[in-house]
There are 2 protein chains.
Amino acid sequence: MGSRRDVARAAGVSVRTVSNVVNGYAHVAEATRARVLQAIADLDYRPSELARSLKRGRSGLIGLVLPELDTPYFAELTRAFVEEGASRGLTVVIDQTDGDLERERYLIDRTEYGSLFDALVISPLALTPAHLDAISDDRPLVFLGENPFPRFDHVMIDNRLASRQAVRHLFESGRRRIAAIGTKGTDHGSSSQRLAGYHDALRDAGLGESESIVEHVDRFRRADGAAAMARLLDRPDPPDAVFCFSDPLALGALRTLATRGVRVPHDVAVVGFDDIEDGAFSTPSLTTISPDKRFIARTALGLVERKLSGTAESAALVIAPHALILRESSAPSRP
Amino acid sequence: MGSRRDVARAAGVSVRTVSNVVNGYAHVAEATRARVLQAIADLDYRPSELARSLKRGRSGLIGLVLPELDTPYFAELTRAFVEEGASRGLTVVIDQTDGDLERERYLIDRTEYGSLFDALVISPLALTPAHLDAISDDRPLVFLGENPFPRFDHVMIDNRLASRQAVRHLFESGRRRIAAIGTKGTDHGSSSQRLAGYHDALRDAGLGESESIVEHVDRFRRADGAAAMARLLDRPDPPDAVFCFSDPLALGALRTLATRGVRVPHDVAVVGFDDIEDGAFSTPSLTTISPDKRFIARTALGLVERKLSGTAESAALVIAPHALILRESSAPSRP
DNA sequence: ACTCTATATTGCATCGAGGCAAACGCCGCG
DNA sequence: CGCGGCGTTTGCCTCGATGCAATATAGAGT
């Protein structure tokens, strides 16, 4: 590939004129423009985005750091970010941590120590605010998810409220033995908030702590949901409704219920969380909490731009909207 | 954040000395080093990776362009690339196209016209070689997947052979009515090769074209596999084995079989393709073709480095190894 | 002919870092 | 006292592109 200088020499003009042609500057003679374009084509020249970025002081690259990509929720969120970024002239590139603390720290440190990215949007799993003590809050970092990171911009949904609404819905549709599938012991994040919402709703309904039925899982996948549901059905007092902390868990539960010949929603109602595409097409289709992924992406990128433009006064905490999507899996059993 | 110049001023040294300290150059007096480090800390200075990359002529960023991220196979492949890249000092960033032609072209064009990425590894869905006529084969592009792109480096597995082995295995374990689930009308890629392998195996087994049973699907997801399996079971002459063109399809088929009370592998054997994690833990566990994802990632990045170093003489075509992983879903029915 | 303006083109400086080699200070040695 | 050598520090240039302002050229107006 030829350089800018080669092009200038070949076209018999100065380097500056090449620049003018490339950038479509107004006052360039037609003949000159043609000669330069010809030279560009001959030498297979293309401007270095690296150099441009250096001059501009921005690369236009935003890193999106997620725990895992094969979780449908994150995959769909990724899509929202990429599309939303494109419409703002930002390129969103994705990195995955597997919830590994070291990797989360590494990626943040890299931004800290001057990477090619203008900013990072990160959904941490293992990271806690204490790990960020040494990190200046001038850094363009935007956090997603439920763990609070006080000094930084943050976009989350109200997990506790959403869970409460989901469980209230089950109660209002006539269920009385409502189980939850989903806490993990180590998780200090969304699980505990969703659990809190579950307990809120039981309390609202006048049910005591003793009537809570919580089934733990290690991961939030179909297989875990299926196994947890089987354990619930094997209890002497099986539930008539299940609130699952993720859609894949709920889809797994549906599978077990189908296998065991338990009718959904007639015998057991199921509600999930995340509103992934599969849930809309399952049999029965899945009632779920739908976080507004578009809103999350738009807001997070807006915060990034605000930070980069220097207009930010203090860290923002944005609660993104969510909706309870009613589908077949939770239709009332007793009209 | 302070600049290199500010640091120099604060420490009372030249900019060059700051550079020497940062890069750990040998002959820097201890006192000077300390003063510079102090200034760096005070001013929260960190070197610009952008400027470094410009000087070096490399950014260390490799783009990995995939059709979709929520397909487990691609998610696992991504992991292999990210890890393999890290071990070579390359940062692999991911972009997704949804199999959209325009997006695939756009991403390649961006590299063509000087992006921040050193190279692109791309698994195209819609793109055909004709779209690349205008693209110089000097570009550091490495292709993945089954569609041939003659002038460029390429890593693929032998889909046809792998399929043939999978179907032969079904035949050898006593099956005689072997169906395939998976072609899509529009796909010019892996589907047609897997279909060819399926027919190869039938021919090997002395079964005629008339005995092939092919069930089409629109996408390669669980739900599609479940629906296709249901159609197969509803035929007057249901199969005793199914070769699915992807693991999610196979997992969907397993679900339908379970729901209908068909025993696997006793009544129907199932084989998938891709070796995704879920398949190893399903009930029954899934026999599948396992492409060597590590190998693919390692080789593709190797080709990238070869291209970037300029040692490449001509385009390479690498066939990555695969293995037939035998699990419960295809144990012999007639010993 | 001479200014004035509009169009075309260019040189220089700059972004932030690093390669290169010169130049500095200081020591010991002849 | 002068010189070679070592450790230390620095200036200058380059990477590739662009902002700024100056300059060159042509044509129009009086």
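Per chain, numbering begins at 1; letters A, B, ... match sequence-line order. Small disclaimer: the values here were computed from a predicted structure and weren't measured.
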Report yes or no: is there a donor-acceptor pair, N or O only, under 3.5 Å between the side chain of A:Arg16 and the base of D:dG19?
-> yes

Quick one: the side chain of B:Arg4 and the base of C:dG18, do they pair up donor-acceptor inside 3.5 Å?
-> no

From the options B:Asp98, B:Asp95, B:Asp100, select the one residue that forms a salt bridge (charged side-chain N to carboxylate O under 4.0 Å, His left out) with A:Arg79.
-> B:Asp98

On DNA chain D, nearest-nucleotide positions of B:Glu30 versus B:Ala51: which is more 5'?
-> B:Glu30

Between B:Thr17 and B:Lys55, the residue closer to the 5' end of DNA chain D by nearest nucleotide is B:Thr17

Mapping B:Asn23 and B:Arg5 onto DNA chain C by nearest heavy atom, which one lands closer to the 5' end?
-> B:Arg5

Classify [X] by what it touches in the nucleic acid, base, sugar-phosphate, or nothing, heavy-atom distance under 4.0 Å.
X: A:Val13; answer: sugar-phosphate
X: B:Val22; answer: nothing
X: A:Ser53; answer: nothing
X: A:Arg56; answer: nothing
X: A:Asn20; answer: base

To the nearest Å, how far apart are [X] [atom1] and [N] [atom2]?
X: B:Leu50; N: D:dG16; atom1: CG; atom2: C1'; value: 12 Å
X: A:Arg35; N: C:dA8; atom1: CZ; atom2: C1'; value: 12 Å
X: B:Asp6; N: C:dT14; atom1: CG; atom2: P; value: 15 Å

The residue among A:His322, A:Glu146, A:Gln193 that forms side chain to side chain donor-acceptor pair (under 3.5 Å) with A:Asn159 is A:Glu146

Return no unless some side-chain N or O of B:Thr32 is found under 4.0 Å from OP1 or OP2 of D:dT9.
-> yes

Within the pair B:Ser19 and C:dG18, is there a side-chain N or O less than 4.0 Å away from OP1 or OP2?
-> yes

Side-chain ion pair, B:Glu313 and B:Arg306, N-O less than 4.0 Å = no

Is any side-chain heavy atom of B:Leu144 closer than 4.5 Å to a side-chain heavy atom of B:Leu77?
-> yes

Nearest to the side chain of B:Ser48 - D:dT9, C:dG18, C:dG16?
-> C:dG16

Which listed nucleotide (C:dA8, D:dG16, C:dG18) is nearest to the side chain of B:Leu54?
-> D:dG16

Measure across A:Ser53 and B:Leu116 and return the closest heavy-atom pair with its distance rounded to 0.1 Å.
-> OG-CD2, 3.7 Å

